[in-house]
2 protein chains.
Amino acid sequence: MATIKDVAKLAGVGVGTVSRYLSGNSSISSKTGEKVAAAMTELSYRPNSMARSLSSKKSNIIGLWVPSFSGSFHRKMLQTIERELRKRDKHIILANAEDSISDKERIDCLDYLIERDCDGILMSCPELSVFELAKIEARYPKVVFINRNIEDLAEKAFSTNHYQGGRLAAKHFVELGHKKIAIVTGRMNAQDAQSRHKGFLDELLAAGIEVDPSLIESGGYSFQQSVEATELLLSKKKPFTALFCSNDNSGMAAISTLSKHGITVGKDVSVIGYDDIDLAEFTSPPMTSVNIPLEAISRNACHQILNLCYGESLPIQNLFEPSLSIRESTHSITSNK
Amino acid sequence: MATIKDVAKLAGVGVGTVSRYLSGNSSISSKTGEKVAAAMTELSYRPNSMARSLSSKKSNIIGLWVPSFSGSFHRKMLQTIERELRKRDKHIILANAEDSISDKERIDCLDYLIERDCDGILMSCPELSVFELAKIEARYPKVVFINRNIEDLAEKAFSTNHYQGGRLAAKHFVELGHKKIAIVTGRMNAQDAQSRHKGFLDELLAAGIEVDPSLIESGGYSFQQSVEATELLLSKKKPFTALFCSNDNSGMAAISTLSKHGITVGKDVSVIGYDDIDLAEFTSPPMTSVNIPLEAISRNACHQILNLCYGESLPIQNLFEPSLSIRESTHSITSNK
DNA sequence: TTATTTTTTGGAACCGTTTCCAAAATTAAA
DNA sequence: TTTAATTTTGGAAACGGTTCCAAAAAATAA
């Protein structure tokens, strides 16, 4: 592998000149530039990224901490982040907390990234407490949180207004005339699950509707657990005409389980999911779901990390409003009963 | 940030000694070791990974080239790879070819990894031609292919015997007495799709069954396209009692579409999917699917890359046999007709 | 033309490690 | 105790870039 010295020698110039040519932001006479360019192609020179990093004190690596790879949800996030950072010639190194049970393991996972001298870190961490996040930020300020709402760290947190998301769902049910409403919650130690739950309940309350606590079961954001939760709800023999699910996995599980019991979704029971993943359109019936602008969130988080790490000044927005994608899994109660 | 020199000075030893202590494979007297350890904690020293890489000519980074982040399929792969490499303190940098339409774009994506001086690259590349892969390997020998079968590069390719996978599915249909069989194929420019398709047809042929070419439609591995493919199959009014889908996305689409048309899956039409993703268990009815040992494949690919890059000699296996996870979406034809 | 300013250039110093070599310290053998 | 063999150690050189500084070259002004 040719080094910058080889290029300099072949071009008959000093190493500084080659380096300056490479960086592009110094003035180089056109003849010298040509000589350097020729030598570089001749030797098929490619700068050594380690040497570069060492010297410039920038690794050009951004760490990406994800809780899991599952779901269309993270997919869109990963995809957007990869695109945004590659565009700017930054590289992504990956840490996955998939099997991490304890906060300690999750922090270890972060250390694994820090060890590699990332310039900054993107974290999508639904489950760490605000307290832990604050500690992380104090120790490692070049960090940005995706899908978290943190009051004291507002400019480093990018997320949807999940409270509003919950309200949207409730409002839709109210408008359709539903009164007996059940809920399959998400992983309730996750902040987003809490917010959408609270928003949902608050909006109902505002409409004078109270949810029977025994019609609330946890689906833990997983398909399997949500199947069980739905079964549990049905076994109680307390009628309900609407079901709010904390994500689309849950929603799909609920639709499938209700159908299996001979209940026509959209007619007997209306179901709303959350996240509006690609598949939501293809359940039968197609599922009404709260849409979160994940691409915009991810893009803005990337911009903020670029601002923090490389002195750029890209405009950013922190909080994004959800919307409701209405499909056939929800119908007015009066039209059927 | 403290450097090795600071540690050496504080401990009253030379830098070489600190470095040797750090590496762990040189003999150090116990007193010196203690002094160094004390100085390191005192300064909360952490070695600079760029300097290390530059000096040792090892980046300890493995590039991971994935065609997409979608599906439970890639999820398990990512998860396994991350775990295996993290265990050995290697880092993963990510390149996603999601939007790449042309081979050129896919190669650019590879260059993006090479630029970062990865020690090796893991590629999951269903769509590049064997010719392109050979060129890649020639230019960059520290590469390993996941989910590819390459005759001339057998030891660098890790995959399932997809031909056998296709045969397993066909055999199951034959044993259940099915004769009128339809197919929703995958992305047919991908090698794995071709193999399983061929295996499926060959096995049927061996049983004296020929598939009506008009009962073969492409689902392109996507849910949406497979919905359309299934609709198309139904619109032809040619009866079939069995349907082989090239992946589980297709299978789920088919099940959903058939149900929508009042066809009872598992009774009127048997459906087999492929990949056996987690969700296969939760369709209604639960879907019979060809299971591929993705975790073992990924793990072995990692081992091979570790062998190639770091002189380890972990045992490896290249080709893995699929199995059939039989569920309720397939039933004997005689029992219902 | 010469003096002055500006642009371009070469090369040394530095980034923080690893590794090699010779010297020093320790241990074993005589 | 002295000598030889072995272990441990300090420090210089190298890894391949970037950046700074002073010198050289070119452009401009007098």
Side-chain angles (χ1 to χ4, degrees), chain A residues 1-40 43-61 89 91 114-119 309-311, chain B residues 1-40 43-61 89 91 114-119 309-311:
Chain A
M1 196 84 256
T3 73
I4 201 169
K5 276 186 192 160
D6 302 325
V7 174
K9 198 182 293 172
L10 183 63
V13 301
V15 288
T17 306
V18 178
S19 177
R20 277 184 294 262
Y21 174 83
L22 230 46
S23 82
N25 45 29
S26 300
S27 46
I28 296 275
S29 81
S30 55
K31 320 152 217 166
T32 331
E34 279 161 31
K35 282 192 293 180
V36 172
M40 281 188 1
L43 298 169
S44 59
Y45 169 73
R46 193 171 54 71
N48 178 304
S49 69
M50 282 96 103
R52 240 180 189 180
S53 294
L54 177 60
S55 179
S56 67
K57 292 169 172 303
K58 283 271 172 258
S59 66
N60 290 305
I61 294 177
D89 260 306
H91 290 253
I114 292 176
E115 188 185 283
R116 168 60 44 181
D117 297 306
C118 299
D119 293 333
C309 300
Y310 308 106
Chain B
M1 197 83 258
T3 72
I4 202 170
K5 277 186 191 158
D6 301 325
V7 175
K9 198 182 293 171
L10 183 61
V13 302
V15 288
T17 306
V18 178
S19 177
R20 277 183 295 260
Y21 174 83
L22 231 45
S23 81
N25 45 30
S26 300
S27 48
I28 296 274
S29 81
S30 56
K31 321 151 216 167
T32 334
E34 278 162 31
K35 281 193 293 180
V36 172
M40 282 188 0
L43 297 169
S44 58
Y45 169 75
R46 192 171 54 71
N48 178 305
S49 69
M50 284 95 106
R52 255 191 174 169
S53 295
L54 178 59
S55 183
S56 66
K57 291 171 172 300
K58 283 273 172 253
S59 66
N60 289 305
I61 294 177
D89 259 307
H91 290 254
I114 293 178
E115 189 185 283
R116 169 58 45 179
D117 298 306
C118 299
D119 292 332
C309 300
Y310 308 108

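Quick note on labels: first sequence line is chain A, next is B, and so on, each numbered from 1.
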**Q** Could you check how far CD of A/Glu115 sits from P of C/dT17, rounded to whole Å?
**A** 13 Å

**Q** Sub-3.5 Å donor-acceptor pair from the side chain of A/Ser56 to the main-chain atoms of A/Arg52, do we have one?
**A** yes

**Q** Check whether A/Ser53 reaches the backbone of B/Met50 with its side chain - one donor and one acceptor, N or O, closer than 3.5 Å.
**A** no

**Q** Which nucleotide in the set C/dT17, C/dC15, D/dT9 lies at the smallest distance from any side-chain heavy atom of B/Ile28?
**A** D/dT9

**Q** Counting only non-hydrogen atoms, which of residues 5-19 of chain A are less than 4.0 Å from DNA chain D?
**A** A/Gly16, A/Ser19

**Q** Given that A/Tyr45 and B/Thr32 both sit by DNA chain D, which one's nearest nucleotide is further toward the 5' end?
**A** B/Thr32

**Q** Would you indicate, yes or no, if C/dT18 has its OP1 or OP2 atom less than 4.0 angstrom from a side-chain nitrogen or oxygen of B/Lys58?
**A** no

**Q** Can you give me the closest heavy-atom contact between B/Arg116 and A/Ser49, atom names plus distance?
**A** O-OG, 3.3 Å

**Q** So, is A/Ser56 near the phosphate of C/dC15, with a side-chain N or O under 4.0 Å from OP1 or OP2?
**A** no

**Q** Could you tell me whether the phosphate oxygens of D/dT8, OP1 or OP2, come under 4.0 Å of any side-chain nitrogen or oxygen in B/Ser27?
**A** yes

**Q** Could you tell me whether B/Lys9 atom NZ has more than 12 heavy atoms of other residues or ligands within 6.0 Å of it?
**A** no

**Q** Does A/Ser53 make a side-chain N or O approach to OP1 or OP2 of C/dC15 shorter than 4.0 Å?
**A** no

**Q** Which residues pass the salt bridge (Lys or Arg N to Asp or Glu O under 4.0 Å) test with A/Asp119, not counting sequence neighbours?
**A** none

**Q** Look at the side chain of A/Ser26 and the backbone N and O of A/Arg20, then say whether any donor-acceptor pair between them is shorter than 3.5 Å.
**A** no

**Q** Round to the nearest Å and state the distance from A/Arg52 atom CZ to D/dC15 atom P.
**A** 19 Å

**Q** D/dT8 C1' sits how many Å from B/Asn25 CG, rounded?
**A** 15 Å

**Q** Over how many whole Å does the gap from B/Lys57 atom NZ to D/dC15 atom P extend?
**A** 7 Å

**Q** Rounded to whole angstroms, how far apart are CG on A/Leu54 and P on C/dT17?
**A** 9 Å

**Q** To the nearest Å, how far apart are A/Arg20 CZ and C/dT9 P?
**A** 8 Å

**Q** Would you mind reading off the distance between B/Met50 atom CE and D/dA14 atom P, rounded to a whole angstrom?
**A** 24 Å

**Q** If every non-hydrogen atom of A/Ile61 is compared with every non-hydrogen atom of A/Tyr310, which pair is closest and at what distance?
**A** N-OH, 4.0 Å

**Q** Check this for me: does the side-chain of B/Thr3 come within 3.5 Å of the base of C/dG16 through a donor and an acceptor?
**A** no

**Q** Please report the distance, rounded to the nearest Å, between CG in B/Asp117 and P in D/dG16.
**A** 11 Å

